[in-house]
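Just below is one structure, and these are the notes that go with it.
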Amino acid sequence: MPVSRPVSARPVSEASRLRAGVATVAGGPAAYLSVGSGGVPVLLLHGFAGDRLTWQFNLSALSSRRRAIAVDLPGHGGSTPDVGSGRVADFAPWLVEFLDGLELPQVHVVGHSMGGYVARELAGLAPDRVASLTLLSSAGLGTPFDLGFLRRAVAPADVAEGRACAERLFAGPSLLIPRFGEVLYAQGADPVRRAGLERIIEVSFAAHADGGGPPVDWSAYPMPVQVLWGREDHIIPLPPSGRLPASAPFHVFDNAGHLPHIEAASPVTATIRAFLDGCDDGRAASHSAEPTRP
């Protein structure tokens, strides 16, 4: 989806420009967008069959105190089409290599849907690299989800079916639905992209569509965690409170479906930004309280 640029008479600093890049990761390229500089960066992970452009309404606002980076996961966007075995848990070590390539020792991580699942895997694999964890309409929490929708969304028969799938993502009418439908149909028409997405579905999602399974052991995640959801999510419904970390903020946004960062971009972005700033400020305060050592 194109990103419109407002006309401004003021010069734009290089740090505030939205930049596209490609990092070298074993197995193929990792395409990303980046804006801003300084601070503890925030890494944005998109959902299944999405890409880095799904964060276009959030990137600039999140970069007010830090660098914001949106990366295409394997099998998506401009990154490697190779999804390996199809286990999305394997995307976590791939992301560690990505962070190494960009020389980022630590990041805040925000993950949407499948990206939330991958974010949690990254936090479990390399907790020292993750300053905080924001899960947005996240998969992998043991809640049931619409497996049939995923299978239709990766192989719509025509643009009309792609649009029907796109409608399911939103809480109500949206000017973005036709474009989303076109993108879904174009992905399904690409045999390599389609095969990779179908492999992810069957290996990582199919056995867990009915939910259940053991709850997440949140004690394994030492970093601050918050959870955000759209109240009218038809793809992954609101999780029961028992599936969430007891002390984590849980924000539910009205009039939003499975894409709250798009449907309610301003309040969702403000909530994420406040959480990240609070994590950084709290860490700075705790560091300043430490006794001075000779």
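Note that the coordinates shown come from a computational prediction; the quantities given were computed from them, not determined experimentally. Residues take their numbers from the sequence shown, with the count starting at 1.
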Pair Y221 and W218, ring centroids less than 6.0 Å apart: yes
Check: H46 ring centre within less than 6.0 Å of W55 ring centre: no
Taking the side chain as every heavy atom from C-beta outward, state whether [X] and [Y] have any atom pair closer than 4.5 Å.
X: P144; Y: D210; result: no
X: S174; Y: E263; result: no
X: I201; Y: F48; result: yes
X: Y32; Y: L43; result: no
X: L122; Y: R129; result: no
X: V96; Y: D100; result: yes
X: P260; Y: V252; result: no
X: L228; Y: V110; result: no

In the single-linkage hydrophobic clustering (I, L, V, M, F, W, Y; side-chain heavy atoms under 4.5 Å), do [X] and [Y] co-cluster?
X: L125; Y: W94; value: yes
X: V203; Y: L147; value: no
X: L259; Y: L176; value: yes
X: L197; Y: V159; value: no
X: L244; Y: V216; value: yes

Hey, can you pull the donor-acceptor pairs under 3.5 Å for the side chains in residues 183-195, sequence neighbours left out?
unit_1, atom_1, unit_2, atom_2, d
Q187, OE1, R193, NH1, 3.4
Q187, NE2, A49, O, 3.4
D190, OD1, V192, N, 3.0
D190, OD1, R193, N, 3.3
R193, NE, G75, O, 3.3
R193, NH2, G77, O, 2.9
R194, NE, E198, OE2, 3.1

Where is the tightest heavy-atom contact between [X] and [Y], given as atom of each residue plus distance?
X: I200; Y: H76; value: CD1-CE1, 4.0 Å
X: V35; Y: L59; value: CG1-O, 3.6 Å
X: A166; Y: G181; value: CB-N, 3.8 Å
X: P156; Y: A153; value: CD-O, 3.4 Å
X: P41; Y: G39; value: CD-O, 3.3 Å
X: V22; Y: P29; value: CG1-CB, 3.5 Å

F149 vs L169, side chain to side chain contact (heavy atoms under 4.5 Å, CB included): CA-CA, chis, key distance, verdict: CA-CA 10 Å; F149 165 80; L169 295 169; 3.7 Å; yes
Rounded to the nearest 0.5 Å, what's the gap from [atom1] on [X] to [atom2] on [Y]? Could you check?
X: N255; Y: E232; atom1: CG; atom2: CD; value: 6.0 Å
X: I272; Y: L44; atom1: CD1; atom2: CG; value: 7.5 Å
X: T24; Y: L102; atom1: OG1; atom2: CG; value: 10.0 Å
X: D233; Y: R231; atom1: CG; atom2: CZ; value: 12.0 Å
X: S266; Y: N58; atom1: OG; atom2: CG; value: 9.0 Å
X: R152; Y: D146; atom1: CZ; atom2: CG; value: 5.5 Å

Side chain to side chain contact (heavy atoms under 4.5 Å, CB included) assessment of M114 paired with L73: CA-CA 10 Å; M114 180 190 76; L73 293 169; 3.7 Å; yes
Partners passing ring-ring contact (aromatic ring centres under 6.0 Å, His included) against F170 (at least two apart in sequence or in another chain): F180
When you measure from the side chain of [X] to the backbone of [Y], do you find a donor-acceptor pair of N or O atoms at a distance under 3.5 Å?
X: T54; Y: D51; value: yes
X: D72; Y: R52; value: yes
X: R273; Y: A61; value: yes
X: S204; Y: G86; value: yes

Identify each donor-acceptor pair in which a side-chain atom of residues 131-140 lies under 3.5 Å from a protein atom, sequence neighbours left out, and give them as a table.
unit_1, atom_1, unit_2, atom_2, d
S132, OG, H108, ND1, 2.7
T134, OG1, Q226, NE2, 3.2

D90/S85 under side chain to side chain contact (heavy atoms under 4.5 Å, CB included): CA gap, chis, key distance, verdict: CA-CA 8 Å; D90 293 341; S85 68; 3.3 Å; yes
Parallel, tilted or perpendicular, as decided by the 30° and 60° cut-offs, for the rings of H112 and H261: tilted
Step-by-step side chain to side chain contact (heavy atoms under 4.5 Å, CB included) determination, R243 to V227: CA-CA 11 Å; R243 288 284 180 174; V227 182; over 6 Å; no
